[in-house]
K.L.:
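Structure provided below as structure tokens; questions to follow.
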Amino acid sequence: MEDHILWSYSVLSISRKVMKQLKTGETGDYPGGRTKAANILMSGYQRRQKNITSLDRDDALAQDGAHVCMHCGCISPRYHWDHLIPRSRLRGETIPLNQVRSCPGCNLSRGDRDLMTWHRQRQTFPTLGVLRRYIKLCYFYAKERGLLDETADDAVANGLPFDPRELPRRYPPIDQLVWDHAHPTVGRG
Ligand SMILES: [Zn+2]
């Protein structure tokens, strides 16, 4: 399961860097493409030369961001709190920083489906900000319970509340990605 998580996180990190470069007009550092760069980054995580950082920064950004639906970006007269790892699958456990502001439409449409299953079924892709938070939640959930070395198949069969096999292995082209609806300028984060 760890490889599913680290790979998705590595591609996300590289995509984020490329987005920033395009925004600032820098030339790319990744002539080999995102996949090659993500491979190098992933081996750093695997060898524990790099670590996935805590959710503190993600939370601070969410706190001072615009009040919009984190899934679709719409402005709604009222919001729900959507649990990135579905509450119903957590069987009473509470996970800090698991909630994002969501319009009622997105929240009700998703129900208790796995975040990425929901996106796949409606052919959308999350913002990188939401996805980064979600991948971190999954990683720390598995790490704290000693599950990182389990196969994803076994862990899901044993009641894991998210599906690591659904984490994106490939990301859409950079110009189709959104960093964060609450922080439309990519410079933050
Ligand atoms: Zn929405």
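Fair warning: this is a prediction, and the values are worked out from it, not measured in the lab. First listed ligand is number 1; within each ligand, the first listed atom is number 1.
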K.L.:
Which residue pairs pass the ring pair (Phe, Tyr, Trp, His ring centres under 6.0 Å) test with at least one member in residues 63-118, sequence neighbours excluded?
P.N.:
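The answer is H71-W118.
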
K.L.:
Got more than 12 heavy atoms from elsewhere within 6.0 Å of CG, L22?
P.N.:
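Atom CG in L22 is packed in, count exceeds 12.
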
K.L.:
Which protein atoms of type N, O or S are found under 2.8 Å from the Zn ion (ligand 1)?
P.N.:
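Under 2.8 Å from the Zn ion (ligand 1) - ignoring waters, which are not counted - the protein N, O or S atoms are C69 SG, C72 SG, C103 SG, C106 SG.
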
K.L.:
Under 3.5 Å, is there a donor-acceptor pair linking the side chains of S54 and K136?
P.N.:
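S54 vs K136: no donor-acceptor pair found between side chains.
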
K.L.:
For the residue pair S109 / R122, report whether a side-chain donor-acceptor contact shorter than 3.5 Å exists.
P.N.:
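No, no side-chain donor-acceptor pair sits under 3.5 Å.
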
K.L.:
Between S102 and D82, do the side chains contain a donor N or O and an acceptor N or O under 3.5 Å apart?
P.N.:
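Per modelled atom types, D82 and S102 side chains form no pair under 3.5 Å.
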
K.L.:
Is the gap between the ring centers of Y9 and Y139 under 6.0 Å?
P.N.:
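No: the rings miss the under 6.0 Å criterion.
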
